[in-house]
Amino acid sequence: MRGISDNVHGVILALSSSIFIGASFIIKKKGLKKASATGGTRAGSGGHAYLLEPMWWAGMLTMIIGEGANFAAYAYAPAILVTPLGALSIIVSAVLAHFILKERLHIFGIVGCVLCLVGSVSIVLHAPLEKKIESVMEVWHLATEPGFIVYTCVVVVVVLVLIFRYVPKLGQRYLVIYIGICSLTGSLTVMGVKAVGIALKLSFEGKNQFKYYQTWLFTVFVIVFCLLQLNYLNKALETFNTAVVSPVYYVMFTTLTILASMIMFKDYDHQTATQIITALCGFITILGGTFLLHKTKDMGNNPSTNAILLPKNNKDIESSKPTNEKPKETVEV
């Protein structure tokens, strides 16, 4: 019963995190608009007038609260349950933007939101239960098993090859290089975050875990990999279109995090084949919804979209036909 209770706590924290993070994007954007309206240099042009805008700081505080809730969620529930639920922040952001920023949500965007919700429900209902861990030493034992050591070594080698061989030559041309570094290091970061989260939870329960040097190793590990991850994520956002970066990063990061969690914590050891397949289908459904949301996010604000979906009159239909073909009579729609 404790495993079920921990999963419930983890889901509630993950959902709260998505709500806060999704709302933070809208609040910060409102702050950026207010800052530019007062005559300050826009952030996109290198200005920092938004730092004087209270609403922007309110958005930043909201994001910090959301990230804190997400950090706590890993202490209670498996990463395979918490990480995919991050897609719900996209739904929150899209819905709030529709009503607050008047950024119209297209019908395809609504379908994407529904897919994300359906996939999330499927994962929540069929996710494995959190294992009972009484000490950070148990996490250290899991992290030093041969399977996870091999995975860690492979990740470190691939990341070093990408950084020193491919980033200087191809980093500005291929998105997968920057995102690959972020996702690979991110999968290990989440494992470290989970270890630190468990140490904090147990310490608050009266079982001090910071007397073990392993807890401090996990903490340093998380800080170093977070900084590396943020560095290359910023490079990707600066170099490539955000609409492409976000879904690709979400897919790679979530997939590799689930893989790392399965290797380290053996999440699916006590799951049936039906539960595993259903959870994977839920994950794939979330991926589909995420891609649909990002690919169509500007369609609601683009008047030309209607012309793509439905011709305005007979001239539009005739102009799309080859010039050497005699136009046929058409019916006005």
Inset, instruction - Please answer whether the main-chain N or O of A236 pairs with a side-chain N or O of T239 as donor and acceptor at a distance below 3.5 Å. - result: no

Inset, instruction - Examine distances only and state if a side-chain atom of T152 and a backbone atom of F148 form a donor-acceptor pair shorter than 3.5 Å. - result: yes

Legend entry - Exam field: side chain Q271 to backbone H126, donor-acceptor pair closer than 3.5 Å: yes

Inset, instruction - Please check if atom NZ in K30 has more than 12 non-hydrogen atoms from other residues, nucleotides or ligands closer than 6.0 Å. - result: no

Legend entry - Donor-acceptor contact below 3.5 Å, side chain S122 vs main chain T278: yes

Inset, instruction - Verify, without hydrogens or angle tests, whether Q209 (side chain) and K207 (backbone) share a donor-acceptor contact under 3.5 angstrom. - result: yes

Legend entry - Over 12 non-hydrogen atoms of neighbours within 6.0 angstrom of CZ in F210: yes

Inset, instruction - Output yes when a side-chain donor or acceptor of Y250 lies under 3.5 Å from a complementary backbone atom of P84, and no otherwise. - result: yes

Inset, instruction - Keeping the roles fixed (side chain from T83, backbone from I80), state whether a donor-acceptor pair exists under 3.5 Å. - result: no

Inset, instruction - Tell me, with the steps shown, if E67 and F20 meet side-chain contact (heavy atoms from CB on, under 4.5 Å). - result: CA-CA 8 Å; E67 293 294 352; F20 278 107; over 6 Å; no

Legend entry - Check: S89 side chain, S18 main-chain N or O, donor-acceptor pair, under 3.5 Å: no

Legend entry - Distance-only polar pair, side chains of Y76 and S5, donor-acceptor under 3.5 Å: no

Legend entry - Main-chain N/O of I286 paired to T290 side chain as donor or acceptor, under 3.5 Å: yes

Inset, instruction - Identify the heavy atoms of A279 and I123 that sit nearest to each other, and give their distance. - result: O-CG1, 3.6 Å

Inset, instruction - Following the transitive rule for hydrophobic clusters with a side-chain heavy-atom cut-off under 4.5 Å over Ile, Leu, Val, Met, Phe, Trp and Tyr, establish whether L227 and M191 coincide in one cluster. - result: no

Legend entry - Heavy-atom donor-acceptor pair, S24 side chain to I21 backbone, under 3.5 Å: yes

Inset, instruction - Would you sort out whether Y151 and S187 count as a side-chain hydrogen bond (donor to acceptor under 3.5 Å, both in side chains), showing the intermediate values? - result: CA-CA 10 Å; Y151 176 79; S187 68; 2.9 Å; yes

